[in-house]
2 protein chains.
Amino acid sequence: MAETEKKEDRRVRRTKKLLTAALTQLMQEKQISEITVRELTELADMNRGTFYLYYKDIYDMLEKIEDSMFEALDRIIDLEENESVDRQTKPILLKLFQFIEENQEMCRVLLSPNGDMSFLHRLNGVMREKCLRFFRAAEAESWDGDFDYHYNFLMFGTAGLIRAWVNRGCPESPAQMAELTDHMIRRGGLDLQNN
Amino acid sequence: MAETEKKEDRRVRRTKKLLTAALTQLMQEKQISEITVRELTELADMNRGTFYLYYKDIYDMLEKIEDSMFEALDRIIDLEENESVDRQTKPILLKLFQFIEENQEMCRVLLSPNGDMSFLHRLNGVMREKCLRFFRAAEAESWDGDFDYHYNFLMFGTAGLIRAWVNRGCPESPAQMAELTDHMIRRGGLDLQNN
DNA sequence: TGACAAAGTCAACACAATGTTGATTAATGA
DNA sequence: TCATTAATCAACATTGTGTTGACTTTGTCA
């Protein structure tokens, strides 16, 4: 459990970084399933056996990368919770988008057609915990047993927003995106007349 | 291009149906990438060589299954367009949810953690065309260059709703879901006070 | 109904990626 | 500096792949 224990040997850091870079590149070109350990290590210019020192297979590697991302996200958002006393969603969204911007390369491939559904689901799960406190406290009794539906709509919608944003290369600032997301969540996307 | 040309030999239909059932089952248990042609055909109780008569590999098979789903969806929604003259989003949503209900097994696995990101993206693309006419004609000039963001939020949000629904086994009727979705799209998920 | 065409079976094949090994060399950090 | 640990390299059995040709079974349609 004790993550980032002390910090690894420089060679280990180097190796993992090279492998991650190679994987990110390959995932832009093809399905994860089509990526072999052989070509990954060839691209990273290292011995094939070295890969197995750290990962069981490609999927195990991707999962471990996601692990460390979620850990970082966890730290950031828990920190936020202490700072802000008010019940706004915006601060938490701002932190989220700042995090996405910093990890935009990996987020882009994970949300691309070659991406990983389980990443979406994990993001869904992690954010759900964070959001529950905000939502439940607010006057959200209106959705009773429908919370699941409401939450899934808003979370997946936000994921769609993130996807579009990273696909464009994050031209807007995290603050702008947090503002837009907050607006979408509160007032919906269609400002139509009531029919 | 000429799809469903005449209709295939009964043996071909049988084979493809058995393979599809086997794939659906296996995808509930494991990642697509971990599914081998060998075990798939063993489960379907047929010769391994038979698989290669129709599909290049597992991914090719999944893609072809998705193809036929999108074809069916296309027909349904194009039909709808002729029937309804008004500019409501609800009729199109109703047809969508009816379609999902009929294909709920496959939809459930495709949207599960073991699912297929490219399915989401294809759904995104197909529905985008359909929705453009409705949205553009409506008073939706408010979002100008931001259409992409709005659309992605609403489409992914709807996908999240679909996911939650099929995961529960579609207890609500398609009409109820269309109503809920319409509400989410128009008024957003949070009915909070304007802060 | 019966004949022909097409689908499915079976065994065999070369090929490629996997995951693991033991011995050796190189880099790190205290 | 030196003991420790990472990385390399070659080799290995194993497994899935994709394809072949000869065969048996099944469906279609005249």
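A, B, ... follow the sequence lines: proteins, then strands. Residue 1 opens every chain.
Atom C1' of nucleotide dA17(C) and atom CG of L43(A) are separated by 17 Å, given to the nearest angstrom. When rounded to the nearest whole Å, the span between CZ of R10(B) and C1' of dA6(C) equals 14 Å.
Taking side-chain N and O atoms only, T50(B) has a distance below 4.0 Å to OP1 or OP2 of dT9(C).
A side-chain contact (heavy atoms from CB on, under 4.5 Å) with L110(B) is found for one member of L62(B), V166(B), I65(B) and no other, namely L62(B).
Placement of F99(A) and L94(A) in two distinct hydrophobic clusters is found when ILVMFWY residues are connected by side-chain heavy-atom separations under 4.5 Å, directly or transitively.
For R163(A) and F156(B), the positive end is not near the middle of the six-membered ring at less than 6.0 Å and at most 45° from its axis. Because its NZ or CZ atom is both nearer than 6.0 Å to the ring centre of Y149(B) and within 45° of the ring axis, R168(A) counts as a cation-pi partner of that residue. Figure legend: R122(A) and F70(A) shown without cation-pi pairing, the cationic atom not lying both under 6.0 angstrom from the six-membered ring centre and within 45 degrees of its axis.
The local environment of CD in E172(B) is crowded, with over 12 non-hydrogen atoms from other residues, nucleotides or ligands closer than 6.0 Å. The environment of NZ in K30(B) is crowded: more than 12 heavy-atom neighbours from other residues, nucleotides or ligands sit within 6.0 Å.
Between the side chains of S118(B) and D116(B), a donor-acceptor pair is found at a separation under 3.5 Å.
Taking CG of L93(B) as the reference point, atom CG of L161(B) lies at 9.5 Å (rounded to 0.5 Å).
One end of the helix from dT1(C)-dA30(D) to dA30(C)-dT1(D) points its axis 40° away from the other end's axis, with each axis taken from 5 pairs and the angle rounded to 10°.
Between F51(A) and Y55(A), the ring planes are tilted. Angles from 30° to 60° get that label. Classification of the W165(B)-F97(B) ring pair by plane angle, with boundaries at 30° and 60°, yields perpendicular.
A nucleotide of DNA chain D counts as in contact with chain B when one of its atoms lies under 4.0 Å from a heavy atom; the first and last such, 5' to 3', are dG16(D) to dT28(D).
Within the 4.0 angstrom heavy-atom criterion, only backbone atoms of the sugar-phosphate kind lie near Y54(A); the bases stay farther away. Within 4.0 Å of F51(B), counting heavy atoms only, lies no atom of the nucleic acid at all.
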Once each nucleotide of nucleotides 19-26 of chain C is scored for protein heavy atoms under 4.0 Å, what B/S/- sequence comes out, 5' to 3'?
BB-----B
